[in-house]
Chemist: 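Next up is a structure, given as structure tokens.
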Protein chains: 2
Amino acid sequence: MFKEYLGEFEELVLLIIAKHEDQSYGLLICDEIHEETGRRATIGAVHATVVRLEKKGLIETDMGGATNERGGRRKRLIRITDAGKQSLLKSRDMKVNLWQKIPDLMISKT
Amino acid sequence: MFKEYLGEFEELVLLIIAKHEDQSYGLLICDEIHEETGRRATIGAVHATVVRLEKKGLIETDMGGATNERGGRRKRLIRITDAGKQSLLKSRDMKVNLWQKIPDLMISKT
DNA sequence: TGTATTTAATCTATAAAACAGAACATATAT
DNA sequence: ATATATGTTCTGTTTTATAGATTAAATACA
């Protein structure tokens, strides 16, 4: 079976998908990762992760219709599932809980 | 080279280490992961991660002296470095930022 | 019509992180 | 001495993460 917890990149991709409600797709996720975090992910990395998230039931996808824009291939539209939301919340809550137990020295005095 | 970002498990282990200031060690981390999250990690997984974190300069370790407890081998004591603290803060800030942009529908209505 | 351009997914291969548990080491108690 | 407790280190495997080349499908326009 697959892992019970979201990997680091899986969580990032899923957060971006959650942000876009149900109009997310591969290349957009790629761009958004860069805009939101400054980090460059390749389309290959994003796609592999999307496949994995779908297998785990954390997202659902289907091919969009023809665009009214310039041109190009149909998008694979992505939306987060309830299980995906739960997974994000669980991950967040776990870390919030741990941060509360870390002493203040974390805010390093120079 | 290694990855620029903390992996999911790396972050968890580093949070536990931060919590313990400078009295952390392998088996304790193992136990704490279970107590804090309910999740069972093996000592092998923890140790491999400690080695990785040290290579990355996010923690420092050295062997402790003889214990005054029951018995047993010396502990490898672990403490987080400034780079480690920065890494945790960066990871947290990135996610806090993303969460702020996720619509309320995340809190699912039944 | 047909060919260039744009947009985007899919495929192939590799590296890094996560995981499991056996083996080994080093204390103390008796 | 040797049993027991505590803890690290080692070996091997699976899952995630990464990169970028290739393929596909739509529109524009000559």
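Throughout, protein chains are lettered first and strands after them, A, B, ... in sequence-line order, and every chain is numbered starting at 1.
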Chemist: Would you kindly compare B:Ile43 and B:Val46 by the position of their nearest DNA chain C nucleotide and give the one closer to the 5′ end?
Modeler: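 Mapping each residue to its closest nucleotide by heavy atoms, the 5'-most match is B:Val46.
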
Chemist: Could you state the NZ-C1' distance from A:Lys55 to D:dT14, rounded to the nearest angstrom?
Modeler: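 Roughly 13 Å, once rounded to whole Å.
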
Chemist: Is there a side-chain contact between A:Arg76 and the phosphate of C:dT10, meaning an N or O under 4.0 Å from OP1 or OP2?
Modeler: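 It does, given that an N or O in the side chain of A:Arg76 lies less than 4.0 Å from OP1 or OP2 of C:dT10.
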
Chemist: What's the closest nucleotide to the side chain of B:Met63 if the choices are C:dA8, D:dA17, D:dT9?
Modeler: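 Looking only at heavy atoms from C-beta outward on B:Met63, the closest nucleotide is D:dT9.
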
Chemist: Please report, rounded to the nearest Å, how far the P atom of D:dA19 is from the NE2 atom of A:His34.
Modeler: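 After rounding, the reported distance stands at 13 Å.
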
Chemist: In whole Å, I'd like the distance from the CD atom of A:Gln23 to the P atom of C:dA8.
Modeler: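 Interatomic distance, CD of A:Gln23 to P of C:dA8: 12 Å.
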
Chemist: Sub-3.5 Å donor-acceptor pair from the side chain of A:Thr49 to the main-chain atoms of A:Ala45, do we have one?
Modeler: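 Flag set: sc A:Thr49 to bb A:Ala45 pair under 3.5 Å.
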
Chemist: In whole angstroms, how far is the C1' atom of D:dT16 from the CD atom of A:Glu8?
Modeler: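 It is 10 Å, rounded to the nearest whole Å.
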
Chemist: Give one of base, sugar-phosphate or nothing for B:Gly7, where a contact means two heavy atoms less than 4.0 Å apart.
Modeler: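 The residue B:Gly7 makes sugar-phosphate contact but no base contact.
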
Chemist: Give the rounded distance in Å between these two atoms: OH of B:Tyr5 and C1' of D:dA17.
Modeler: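 After rounding, the gap between these two atoms is 13 Å.
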
Chemist: Please determine if A:Asp62 and A:Arg74 form a salt bridge, counting it only when a charged side-chain N lies under 4.0 Å from a carboxylate O.
Modeler: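 Here A:Asp62 does not pair with A:Arg74 in a salt bridge, since their nearest N and O are not under 4.0 Å apart.
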
Chemist: Establish, with yes or no, whether the OP1 or OP2 oxygen of C:dA9 is under 4.0 angstrom from a side-chain nitrogen or oxygen of A:Tyr25.
Modeler: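 Answer is no, no contact under 4.0 Å.
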
Chemist: Could you state the atom-to-atom distance from CD1 of B:Ile33 to P of C:dA20 in whole Å?
Modeler: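 Roughly 11 Å, once rounded to whole Å.
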
Chemist: To the side chain of B:Lys75, which of D:dT8, C:dC19, D:dA17 is closest?
Modeler: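 Nearest listed nucleotide: D:dT8.
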
Chemist: Atom CG of A:Leu27 and atom P of D:dA19: how far apart are they, to the nearest Å?
Modeler: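 Rounded to the whole Å, the gap is 15 Å.
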
Chemist: So which nucleotide from C:dC19, D:dA25, C:dA17 ends up closest to the side chain of A:Arg74?
Modeler: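 In terms of side-chain proximity for A:Arg74, the closest of C:dC19, D:dA25, C:dA17 is D:dA25.
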
Chemist: Could A:Glu36 and B:Lys101 be called an ion pair, given the rule that one side-chain N must be under 4.0 Å from one carboxylate O?
Modeler: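 Yes, charged N to carboxylate O under 4.0 Å.
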
Chemist: If only side-chain N and O atoms of A:Arg39 are considered, is one of them under 4.0 Å from the OP1 or OP2 phosphate oxygen of D:dT18?
Modeler: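 For D:dT18, OP1/OP2 do have a side-chain N/O of A:Arg39 under 4.0 Å.
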
Chemist: Please determine whether any donor N or O and acceptor N or O are separated by less than 3.5 Å between the side chain of B:Arg73 and the base of D:dT8.
Modeler: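 Between D:dT8 and B:Arg73, which were checked side chain against base, a qualifying N/O pair under 3.5 Å is present.
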
Chemist: Take the protein atom CG of B:Asp31 and the nucleotide atom P of D:dT8, then report the distance between them rounded to whole Å.
Modeler: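 After rounding, the reported distance stands at 11 Å.
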
Chemist: To the side chain of A:Ala48, which of D:dT18, D:dT8, C:dC19 is closest?
Modeler: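 Given the options D:dT18, D:dT8, C:dC19, the side chain of A:Ala48 is closest to D:dT18.
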
Chemist: Run the numbers on B:Leu6 and A:Glu8 for side chain to side chain contact (heavy atoms under 4.5 Å, CB included), then give the verdict.
Modeler: CA-CA 7 Å; B:Leu6 285 173; A:Glu8 186 271 340; 5.7 Å; no

Chemist: With the threshold set at 4.0 Å, does a side-chain nitrogen-carboxylate oxygen contact exist between B:Glu4 and A:Arg39?
Modeler: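 Judged by the 4.0 Å cut-off on N to carboxylate O distance, B:Glu4 and A:Arg39 do not form a salt bridge.
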
Chemist: Taking for each residue the nucleotide of DNA chain D with the nearest heavy atom, is it B:His47 or B:Lys3 whose nucleotide lies nearer the 5' end?
Modeler: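 Here B:His47 is the residue nearer the 5' end.
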
Chemist: Could you check whether A:Gly44 gets within reach of a base, just the sugar-phosphate, or nothing at all, counting any heavy atom under 4.0 Å?
Modeler: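 Answer is base: heavy atoms of A:Gly44 come under 4.0 Å of a base.
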
Chemist: Using the rule given for salt bridge (Lys or Arg N to Asp or Glu O under 4.0 Å), can you reason through B:Glu11 versus B:Lys95, listing the C-alpha separation, both sets of side-chain angles and the distance that settles it, and then say yes or no?
Modeler: CA-CA 13 Å; B:Glu11 184 174 6; B:Lys95 278 160 205 157; 3.0 Å; yes

Chemist: By nearest atom, which of the nucleotides D:dA21, D:dA17, D:dT8 is closest to the A:Arg52 side chain?
Modeler: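 Selected nucleotide (nearest to the side chain): D:dA17.
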
